[in-house]
Amino acid sequence: MTLDSGQVFHWEKHGDGFVGTIGDRPFYVEQRDGKLFFLGGKGGLIANYFALDHPLAEICASFPQDAIMNAAREFCCGLRIIRQPRWECLATFICSSMKQVAHIRQISRALRHRYGERHQLADIELHSFSAAERIARTSEAELRACALGYRAKNLLATARLVASGEADLESWSALPDDELRPRLCALPGVGAKVANCVMLFAYERLRAFPVDVWIERILKEKYFTRKPRVTAQHLRDFSATYFGEHGGYAQQYLFHHARKTSSRRRGAAARPRWRRPRRFVSASDVRYDSRL
DNA sequence: CTCCAGGGATGAT
DNA sequence: ATCATCCATGGA
């Protein structure tokens, strides 16, 4: 559920699990019987990436108690906000504007296969995400060949700022939210929404509350029912306070629940419901399995 | 076929 | 501050 929730776009289904890279290390991961089995690299890296130390029960308890939030909380049981590498997260969300999740995955794949490093894991071939330095050396025309469209110019310009060190994404982790956000928004192709996504998914700012078309629809239809003319300012103030200290988590639960249960998706209602695990997977549940 | 998607930059009120 | 328009592409 975590890897299919629209926060990260490069993990691909393989057998009963997923293959992908954490930084520059290839992994296969598979959740089975309340444990997380893996192949490749070290378990500690996985536990950190999947944020298995986040106190999920406490976080979910901090969400507001209302009908919409309760439904999302139950539907998304076990979903975590993971710790993504900064550049990888920033680059993919620059590419995300006016794109469906399925196509963002396609763009991520095109960039990785063209500019990422190739890895071998057992008989599986996979590519890590393209370094900023590598993308900075390409051209806008070449990026457009990856189906980036008008986003190519922004990705290239931001890659060059990051590669040159002018935008030092790692050192920015020490900044408070109200200084980090304007730094991100100053990058080409980064506005309020993408900045909040990067803060939430790559800087562990769990209050950051990205408002995309789905969340805006939920806020207006469910929380501001029959109140036309809600200003963007009002929506910002509301989402910044109402959902509490882990507002970003709440936002991800609302997003994933809405996307997976939307009546527009054929057969969504007939889909078998997620079963609540006996307890959340934690860092002590990570198992290496060479047979995988 | 049509509709719309995890938006941002720019310029006009 | 709020709004209109343009920007490319392909999934549903």
Side-chain angles (χ1 to χ4, degrees), chain A residues 1-11 72 76 79 81-82 84 88-111 114 139-159 161 167 181-203 205 208-221 228-239 243 247-269 271:
Chain A
M1 180 173 291
T2 294
L3 293 181
D4 189 38
S5 69
Q7 63 177 305
V8 63
F9 303 93
H10 73 269
W11 290 91
C76 298
L79 198 164
I81 303 289
I82 67 174
Q84 294 187 47
E88 183 178 311
C89 181
L90 171 63
T92 50
F93 274 99
I94 285 175
C95 299
S96 75
S97 91
M98 290 301 293
K99 278 297 179 189
Q100 296 180 187
V101 170
H103 195 221
I104 301 169
R105 308 184 85 98
Q106 187 176 315
I107 290 174
S108 168
R109 186 180 306 114
L111 290 174
R114 209 175 277 238
S139 65
E140 180 182 336
E142 209 177 316
L143 287 176
R144 279 178 180 261
C146 298
L148 276 174
Y150 63 86
R151 306 157 192 83
K153 186 195 295 275
N154 291 329
L155 182 63
L156 180 60
T158 294
L161 289 172
R181 184 174 287 106
R183 296 275 190 136
L184 289 169
C185 286
L187 299 170
V190 180
K193 190 269 173 182
V194 169
N196 278 323
C197 283
V198 176
M199 289 174 68
L200 178 59
F201 301 135
Y203 287 89
R205 308 304 167 99
F209 196 98
V211 178
D212 72 324
V213 291
W214 287 89
I215 293 297
E216 182 174 350
R217 190 182 305 142
I218 293 168
L219 291 178
K220 286 182 174 173
E221 289 182 1
R229 228 151 323 290
V230 210
T231 67
Q233 177 71 40
H234 194 176
L235 284 184
R236 272 206 308 280
D237 294 341
F238 176 77
S239 57
F243 294 98
Y249 248 100
Q251 173 276 154
Q252 191 62 18
Y253 278 45
L254 291 173
F255 175 83
H256 184 63
H257 177 233
R259 236 170 54 79
K260 291 301 181 183
T261 62
S262 168
S263 57
R264 284 209 290 266
R265 297 180 69 258
R266 189 175 62 82
R271 187 179 304 278

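Residue numbers start from 1 in every chain, and the chains themselves are labelled A, B, ... in the order their sequence lines are given, proteins ahead of strands.
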Practice item. Please collect all salt bridge (charged side-chain N to carboxylate O under 4.0 Å, His left out) contacts where either partner lies in residues 101-110 of chain A, sequence neighbours excluded, each pair once. Key: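 Output for this query lists E12(A)-R109(A).
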Review point. Counting N and O atoms only, with roles assigned by atom type, does the side chain of Y249(A) sit under 3.5 Å from a partner on the main chain of I81(A), one being a donor and the other an acceptor?
Key: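 Looks like yes, one N/O pair under 3.5 Å.
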Review point. Just by modelled atom types, is the V213(A) backbone N or O under 3.5 Å from a matching donor or acceptor in the E216(A) side chain?
Key: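 It does not hold such a pair.
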Roughly how many Å is it from [atom1] in [X] to [atom2] in [N], rounded to a whole number?
{"X": "R105(A)", "N": "dT9(C)", "atom1": "CZ", "atom2": "C1'", "answer": "18 Å"}
{"X": "K260(A)", "N": "dA12(C)", "atom1": "NZ", "atom2": "P", "answer": "10 Å"}
{"X": "I94(A)", "N": "dA5(B)", "atom1": "CD1", "atom2": "C1'", "answer": "18 Å"}

Check your understanding: What would the secondary structure line of DNA chain C be in dot-bracket form, counting Watson-Crick and G-U wobble pairs under 3.5 Å, with [ ] for pairs that cross earlier ones and | for pairs with another strand?
Key -> |||||||.||||
Review point. Within the structure shown, what part of the strands sits under 4.0 Å from R144(A) by heavy-atom distance: base, sugar-phosphate, or nothing?
Key: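 Sugar-phosphate contact only.
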**Study point:** Reported SG-to-CG distance for the pair C95(A) and L143(A), which is rounded to 0.5 angstrom
**Key:**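 One finds 8.0 Å between SG of C95(A) and CG of L143(A).
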Practice item. Provide the distance between the two P atoms, one in dT5(C) and one in dG6(B), to the nearest whole Å. Key: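 Their P atoms lie roughly 24 Å apart.
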Review point. How far does the P atom of dG7(B) sit from the matching atom of dA12(C), given to the nearest Å?
Key: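 It comes out at 16 Å once rounded to the nearest Å.
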Check your understanding: Between F243(A) and F209(A), how do the two ring planes meet: parallel, tilted or perpendicular, split at 30° and 60°?
Key ->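 Ring orientation of F243(A) relative to F209(A): parallel.
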Point to revise | Under the side chain to side chain contact (heavy atoms under 4.5 Å, CB included) test, residues paired with E88(A) that sit two or more places apart | key: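 With neighbours one apart ignored, the set is H10(A), P85(A), F129(A).
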Exercise for review: Could you pull out all residues at least two apart from S97(A) that satisfy side chain to side chain contact (heavy atoms under 4.5 Å, CB included)?
Suggested key: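 Only Y150(A), R151(A) meet the side chain to side chain contact (heavy atoms under 4.5 Å, CB included) criterion with S97(A).
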Check your understanding: Quick one: do the Q7(A) and S5(A) side chains pair a donor with an acceptor below 3.5 Å?
Key ->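 Present: a donor and an acceptor within the cut-off.
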Review point. Taking the nucleotide of DNA chain C with the closest heavy atom to each, which residue, T231(A) or G149(A), is nearer the 5' end?
Key: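 Its nearest nucleotide lies further toward 5', so the answer is T231(A).
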Check your understanding: Tell me, for nucleotides 6-13 of chain B in 5' to 3' order, what letter each nucleotide earns: B for a base near a protein heavy atom under 4.0 Å, S for only sugar-phosphate near one, - for neither?
Key -> BBSS----
Check your understanding: Quick one: is R217(A) getting a side-chain N or O under 4.0 Å of the dA5(B) phosphate, OP1 or OP2?
Key ->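 Result: yes.
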Review point. Taking only residues two or more places apart in sequence, or in another chain, which ones meet H103(A) in a side-chain hydrogen bond (donor to acceptor under 3.5 Å, both in side chains)?
Key: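 Result, side-chain hydrogen bond (donor to acceptor under 3.5 Å, both in side chains) vs H103(A): K99(A).
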